[in-house]
Amino acid sequence: MTKITKAACIGGGVIGGAWAARFILAGVDVNMFDPHPEAKRIIGEVMANAERAYAMLTMAPLPKKGALTFCNSIEEAVQNAEWIQESVPERLALKRGVLTEIDAAASPDALIGSSTSGLMPSDLQAEMKHPERMFVAHPYNPVYLLPLVELVGGKKTSKETIARAGVAVEQIGMKGVVIAKEIEAFVGDRLLEALWREALWLIQDDICDTETLDNVMRYSFGMRWAQMGLFETYRIAGGEAGMRHFLAQFGPCLKWPWTKFTDVVDLDDALVEKIGAQSDEQAAGRSIRELERIRDENLVGIMHALKSGDGGKGWGAGKLLAEFEQRLWANAEKPQADPGQAEPIRILDTKVNAAWVDYNGHMTEHRYLQVFGDTSDGLLRLIGVDLDYVKNGHSYYTVETHIRNLGEARLGDALYSTCQILSHDEKRLHIFSTIYNAASSEPVATAEQMLLHVDSKASKAVPALPEVIGKVKAIAEAHATLPKPEGVGRSVGQRR
Ligand SMILES: NC(=O)C1=CN([C@@H]2O[C@H](COP(=O)(O)OP(=O)(O)OC[C@H]3O[C@@H](n4cnc5c(N)ncnc54)[C@H](O)[C@@H]3O)[C@@H](O)[C@H]2O)C=CC1
Ligand SMILES: C[N+](C)(C)CC(=O)CC(=O)[O-]
């Protein structure tokens, strides 16, 4: 078993709530246990931000969202869960107690991950009856966007568990990196800890304030690190002679007094207050949720940029996103439609989310094209133009689109789209799509489009394959009995 259909999240704070969002948006049902009196509100807000981020992240068809169920106990939450993720506060005794409860109630082959930032898995699994299935799955905030998860086994974790976990995280768009030996704080947090220690010294000693320090990072090496790590970046910094020259040139600096090394700053009340006050000033009144949304938009932008890196092949986290999207397309549900039915085919059900809304307070222009694009893609899947068809060198390209905006779509409005085939031949597909407001059934926009069947390797129009033409013909014959939709053949500025 590696495909996860149900997960349990034990602890639904910053990390547990975001794990839940990642699972749910990947189509996995989640049972949540968190005794916090406001857990539902908090997780609801995290979920809303995650959905907003995914709407910006990808145009690929996300699977039907998993269901979120709040449970009253750990025992209830872990029932039938294939992956259980513990994300309770970072205290060894608390985590051990929770893991022991999970251990007693979980299915024997469930994978049990801990989000701990630094505790050793061997210490966490010490009191478990079946410790072989327990490991650290250390994510990065926000879990629903940042794909890395460090997988760390303890003394009693089986190799099979780590291997299964590595495969399972791919399903939810993550990159599992197996850490060879367990060590406190693993790899990422050891690096962050070193930086954090120096940062605290710099603030304590009034070398800079929190905003200056953040500016130093985000206008320079912070940007570098998002696309290449430390070593690849420094290899380039060595010039043509590469890493060896870099080490020869900058190695000796390690002996210079550039850092306070392992001395730890005394985080007393005065320093806490100093950092707190500088951080408040830096935030300029923005709430945490607002900051999260800004962060998410930026992270999505970075991932989009990385997706087109390396000459379009994708690079790092962007390559991973491209591969995840390929899987989403491959698993996309075909619209359910009877091709013989004489009515426009209902293709898409969607909702106007925050990222789609512009300064006028309604759905912005290019999102209409996105919905129409998703609608024509839905029709294509219905006629057999799926990912395999595309991989084999054939596809339809849209060569002309005329959109009419007829009504407003506001934040949260439920929408659906339909598509009608107007005419076709062996190369061309002439379609008319309509977006409706689901509550009023009023049309919000229409698009008349011409699609051309192509040989994508030769970049030229060629006849569609017979099985596709057969399906198009069946739908077109049924649609031929329909009246011509109002607006067909309109040109911009045309007199009525
Ligand atoms: N916040 C971060 O940036 C990151 C945190 N982590 C790790 O994730 C874990 C959780 O941290 P956060 O989410 O930041 O903490 P948090 O304080 O935001 O959330 C912890 C949640 O656990 C709940 N909880 C407490 N006792 C519980 C119990 N017995 N059963 C179920 N739920 C319980 C609390 O009500 C709270 O909602 C920690 O191990 C932390 O080291 C890992 C990566 C990043
Ligand atoms: C601060 N922290 C140690 C909890 C951070 C992490 O564990 C990872 C992250 O998201 O930076």
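Remember, it's 1-based here, ligands and their atoms both numbered in the order they're listed. For this chain, numbers begin at 1 and follow the sequence in order.
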> Are any of the N or O atoms of I15 closer than 3.5 Å to those of ligand 1?
Replying inline: yes
>> I'd like to check which ligand 2 atoms, numbered from 1 as shown, lie under 4.0 Å from a non-hydrogen atom of D189.
In response: 3 (C), 5 (C), 6 (C), 7 (O), 8 (C)
> Which heavy atom of the protein is the closest neighbour of atom 3 (O) of ligand 1, given with residue, atom name and distance?
Replying inline: N141 CB, 3.8 Å
>> Test your reading of the structure: does V14 have an N or O sitting under 3.5 Å from an N or O of ligand 1?
In response: yes
> Does anything in residues 174-197 pair up under ring pair (Phe, Tyr, Trp, His ring centres under 6.0 Å), and if so which pairs, sequence neighbours excluded?
Replying inline: H138-F186
> Any ion pair linking E297 and R293 (charged N to carboxylate O, less than 4.0 Å)?
Replying inline: no
> Would you say K95 touches ligand 1, if touching means a heavy atom closer than 4.0 Å?
Replying inline: yes
> What part of H138, side chain, backbone, both or neither, has a heavy atom within less than 4.0 angstrom of ligand 2?
Replying inline: side chain
> Nearest protein heavy-atom contact for atom 30 (N) of ligand 1: which residue, which atom, what distance?
Replying inline: F33 CE2, 3.5 Å
> N/O to N/O below 3.5 Å, does that happen between S117 and ligand 1?
Replying inline: yes
>> Quick check on atom 32 (N) of ligand 1 - does any protein heavy atom sit closer than 4.0 Å to it?
In response: yes
> Pick one: which of E86, Q85, Q125 meets side-chain hydrogen bond (donor to acceptor under 3.5 Å, both in side chains) with S114?
Replying inline: E86
> Backbone, side chain, both or neither: what part of Y140 comes under 4.0 angstrom of ligand 1, heavy atoms only?
Replying inline: neither
> With atoms numbered from 1 as shown, which atoms in ligand 1 lie under 4.0 angstrom from a non-hydrogen atom of V88?
Replying inline: 9 (C), 10 (C), 22 (O), 27 (C), 28 (C), 30 (N), 31 (C), 32 (N), 33 (C), 38 (C), 39 (O)
> Do W225 and F231 have ring centroids that are under 6.0 Å from one another?
Replying inline: no
>> E101: which residues meet the salt bridge (Lys or Arg N to Asp or Glu O under 4.0 Å) condition with it, sequence neighbours left out?
In response: none
>> Is it the case that the side chains of N31 and Q79 hold a donor-acceptor pair, with the cut-off being a distance below 3.5 Å and no angle test?
In response: no
> How close does the nearest protein non-hydrogen atom get to atom 10 (O) of ligand 2, and which residue and atom is it?
Replying inline: N141 N, 3.0 Å
> Hey, which atoms in ligand 2 end up nearer than 4.0 Å to a heavy atom of Y140?
Replying inline: 8 (C), 9 (C), 10 (O), 11 (O)
>> For atom 43 (C) of ligand 1, what's the nearest protein heavy-atom neighbour? Residue, atom name and distance, please.
In response: P139 O, 3.3 Å
>> Please evaluate residues E408 and R410 with respect to the criterion salt bridge (Lys or Arg N to Asp or Glu O under 4.0 Å), reporting the C-alpha separation (whole Å), side-chain torsions for both, the decisive distance (0.1 Å), and the verdict.
In response: CA-CA 6 Å; E408 288 179 59; R410 298 199 163 267; 2.5 Å; yes
> Which ligand 1 atoms, with their elements, are less than 4.0 angstrom from a heavy-atom of T116?
Replying inline: 39 (O)
> If you measure from each non-hydrogen atom of V98 to ligand 1, which part falls under 4.0 Å: side chain, backbone, both or neither?
Replying inline: side chain
> Between I84 and A110, which heavy-atom pair has the shortest distance, and what is it?
Replying inline: CD1-CB, 3.9 Å
>> Between S279 and I275 (side chain of the first, backbone of the second, donor and acceptor by atom type, cut-off under 3.5 Å), is there such a pair?
In response: no
> Is a side-chain donor or acceptor of D29 paired with a backbone partner of K6 at a separation under 3.5 angstrom?
Replying inline: no
>> Suppose I only count heavy atoms of H138 and a 4.0 Å limit; which atoms of ligand 1 are within that range?
In response: 42 (C), 43 (C)
>> Looking only at protein heavy atoms, which one is nearest to atom 7 (C) of ligand 1, and what is the separation?
In response: S115 O, 3.2 Å
> For atom 26 (N) of ligand 1, what's the nearest protein heavy atom and its distance?
Replying inline: P89 CD, 4.0 Å
>> Check whether Y416 forms a cation-pi arrangement with R346 (NZ or CZ under 6.0 Å from the six-membered ring centre, at most 45° off the ring normal).
In response: yes
> Which is closest to atom 20 (C) of ligand 1 in terms of heavy atoms, S87, G11, P142?
Replying inline: S87
> Counting heavy atoms only, which of G188, S117, G118 is nearest atom 2 (N) of ligand 2?
Replying inline: S117
>> Need the ligand 1 atom indices (1-based, order shown) with element for anything under 4.0 Å from a heavy-atom of G13.
In response: 13 (O), 18 (O), 19 (O), 21 (C), 37 (O)
>> So that I can tick it off, tell me whether E132 and K156 are bridged by a salt bridge, with the cut-off set at under 4.0 angstrom between side-chain N and carboxylate O.
In response: no
> With a 4.0 Å heavy-atom cut-off (strictly under), which part of L192 contacts ligand 2: side chain, backbone, both or neither?
Replying inline: side chain
> Do you see a donor-acceptor pair shorter than 3.5 Å between the side chains of T212 and D209?
Replying inline: yes
> In the protein, what heavy atom is nearest to atom 39 (O) of ligand 1, and what distance, to one decimal place, separates them?
Replying inline: E90 OE1, 2.5 Å
>> Could you check whether any side-chain N or O of D310 sits under 3.5 Å from a backbone N or O of K313, counting only pairs where one atom can act as donor and the other as acceptor?
In response: no
> Protein heavy atom under 4.0 angstrom of atom 17 (O) of ligand 1, is there one?
Replying inline: no
